[in-house]
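What follows is a short report on a single structure.
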Amino acid sequence: MTAVLAAGMLTAATVPGYGTDGAGPAPGPQFTPLTAAVMTEPTPFHATDGRTHLSYELLTTNALSSSTKVRLDRVEVRDARTHRVVGSLSGQALADAANPVGDPLPGADAYTPAPPGPTPTVIPGSQQWVIWLDLALDRGQRVPRVLEHHLSGAVVTASGSSPFEETVQITPTGRTAPLNLDAPVRPGTWYSSESCCGNTHHRRGLGPINGRFYVPQRFAIDWYKVGEQGQTWEGDPARLTSYLSYRQPVVAAAGGRVVEVQDGIPDNTPPITPPVPPIEETVGNHVTVEVAPGRYLLYAHLKPGSLRVREGDHVEPGRVLGLIGNSGNSTTPHLHFQVMTTAEFFPTDSPPFTFRKFRVVGQVEPRLWDDNLGTQPTGVLPITPSPYDGPHHARYPLDREVLEF
């Protein structure tokens, strides 16, 4: 059985564990050059590729002196009960999936090209890095109830290097099924931008908030309305009304109680990147609806004056909440939609979710970010056929898919 860890989508076959019985190192205390912490409960979800995904992070720290480096050669995700490897990263795929906290490496975003040739993952002493894990299990492959993470590499000093292996972070996987939702927009063709999994600013948006790190947009999706010719805007891209998404209705994807409403923030003029807003205005005008204990739906970047609900209202699926705008940290009109674990965007965790039904009609292969759609020569997306074209039920749309609700 094989699995995929997406950072360039490396395929990794199941391999025997190290040691005489494949069970890993003997139990007991030991000094480890790296520490690691899991930043969320890894919760399985089904995506349009037919696989079961687990997307989460390892926050790793080189616990040695500033003069001692750790070369990380391989990260294995294992079933903690059987020690069976269910996915791994090494070589360039590992380098693409790891970066220092607050300092992404070249190639870690869409704007800075990676250097040619293989890049080793070397963590300097006393530094903290993030390893972005996107595990995709084949059809029929069982999701382990508990995961463990096996790290191997070498401790590097001026006098030489010595190999190390350690098993860290025994972590239960989530048992609560992701919310299965209706569409947050009216029927039509829509572009799912910045969704999981891979190198997007939602997936890799690490935020230091109230004294700890969060990935508050891990599974968020930016929705853009697409016309019959694949266009997202027509005419002058500096006019809000040129964008097909602008003033499109936003509807409740599930029933619940409105717990937060923010209005009065003006729309930004596209396609110039606006100044970074105060933290309380990051998502602009928005509506937050509590749909289950510890589960909230966020509808963000709405048009000022368009919100049609108040705090305390109970809404049914399909009710219009407001209209798509360009408020907050937004460059071109779109709907930012996600599930949160708190009523506030900062701080929150971002669990996965699925949609009841939709049809994939294509994909956009080039990396197009929401803040440069308006700077393209035309507003027409370069849509090509997707290997996952067709109807889907209870699935999460992957990044840059074009679909019909």
Donor-acceptor pair between Ser327 and His301 side chains, under 3.5 angstrom: no
Using a 3.5 Å distance criterion without hydrogens, assess whether the side chain of [X] forms a donor-acceptor pair with backbone atoms of [Y].
X	Y	result
Thr341	Thr348	no
Gln169	Val38	yes
His149	Leu147	no
His336	Ala300	no
Asp134	Ser55	no
Gln363	Tyr388	no
Trp233	Leu373	yes

Run the ring-centre check on Phe355 versus Tyr396 and record whether the distance is less than 6.0 Å. no
Please find the pair of heavy atoms, one from [X] and one from [Y], that lie closest to each other, and give the distance.
X	Y	result
Val70	Pro33	CG2-CB, 3.9 Å
Gln262	Leu307	O-CD2, 3.3 Å
Leu72	Ser152	CD1-O, 3.6 Å
Ser193	Asp399	C-OD1, 3.7 Å

Let me know which of Thr384, Val364, Val360 forms a side chain to side chain contact (heavy atoms under 4.5 Å, CB included) with Val402. Val364
What residues, two or more places apart in sequence or in another chain, satisfy side chain to side chain donor-acceptor pair (under 3.5 Å) together with Thr61? Gln128
At what distance, to the nearest 0.5 angstrom, does [atom1] of [X] lie from [atom2] of [Y]?
X	Y	atom1	atom2	result
Ile123	Arg71	CD1	CZ	12.0 Å
Met39	Tyr56	CE	OH	13.5 Å
Leu321	Leu302	CG	CG	8.0 Å

Contacts under 3.5 angstrom, residues 268-278 side chains, donor-acceptor by atom type, not counting sequence neighbours:
residue : atom : partner : partner atom : Å
Asn268  : ND2  : Asn326  : O            : 2.9
Asn268  : ND2  : Gly328  : O            : 2.8
Asn268  : ND2  : Ser330  : O            : 2.8

Specify whether Phe45 and Phe219 have parallel, tilted or perpendicular ring planes, treating 30° as the upper limit for parallel and 60° as the lower limit for perpendicular. perpendicular
ring-ring contact (aromatic ring centres under 6.0 Å, His included) involving His286 - partner list, sequence neighbours excluded: none
